Amino acid sequence: MKIQPIGQYGKQLTRLGLVNCFLVREEDGYTLIDANLKESDQEILEAATGLPIRRILLTHPHVDHIGSVDALMGRVKGLELIASERSIPILQAPPDLSLRAGEVGPIRGGTPGIASKVTQTVVEEDRVGSLLVIDTPGHIHGHQSFLDERDGTLYSGDQFGSLGNLTITGFMPWWFPMKAFSNREQAKDTATKLLTYPIRRVACGHGKVLEGGTELLQSAIDRALCRD
Ligand SMILES: [Zn+2]
């Protein structure tokens, strides 16, 4: 697993050059944003040097973001598991993929579920330590992103990818599976909504961390409009 610092408070943990999760340092320990693929628990624990991991905060329930949740919940005493309320039925094993009123479906992408139970749900404008919760629908229902208000890092989950330029989910290269199962219109609206936040860099679920704020997000929106 490759480990790289992000700003003052974050660490990017990358497996297979493609799948990210992030450790964010708080006063009481680390918040782990997403839990990467299966069998990443040992390396995640080793990357959390000097401080305990206190909580796992999930952007969404796809397989490459929840793979090591159960292993970590089993190994770390008192670990909290935090997600959106909408994610809960999708997180259970087997998952309940039924749609709610007004939702467009079907729900796509690998959703194997987990055995662990969510210990806390969060809604938009909640804060988890230094992280502001922002609803970012488009990739999957209930998707959330987290803005570290100390240094302007947006942990965007799969709202964006950065395998090259910053790209809105659904507008990824043809070879990347995120393209197939996102609601492109909703994801574009979410990107526009994010223009109003004080973002200074974007840390995506897949790809490198990109420096920039409004102009970076706007470039992703402009490219999406060209590819409509
Ligand atoms: Zn992903």
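Model, not experiment: these values are computed from the prediction. All ligand and atom numbering here is 1-based and tracks the order in the structure.
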For residues His139 and His65, establish whether the separation of their ring centroids is below 6.0 Å. no
Tell me whether the Zn ion (ligand 1) has His65 as a neighbour, meaning an N, O or S atom of it below 2.8 Å. yes
Is it the case that the ring center of Tyr155 lies less than 6.0 angstrom away from the ring center of Phe146? no
If you look at Asp158, which of its N/O/S atoms is nearest to the Zn ion (ligand 1)? OD2
Same cluster or not: are Val24 and Leu57 linked, directly or through other Ile, Leu, Val, Met, Phe, Trp or Tyr residues, by side-chain heavy atoms under 4.5 angstrom apart? yes
Apex the Zn ion (ligand 1) - arms OD2 from Asp64 and NE2 from His206 - angle rounded to 10°: 80°
Heavy atoms of other groups near Glu215 CD, more than 12 under 6.0 Å: yes
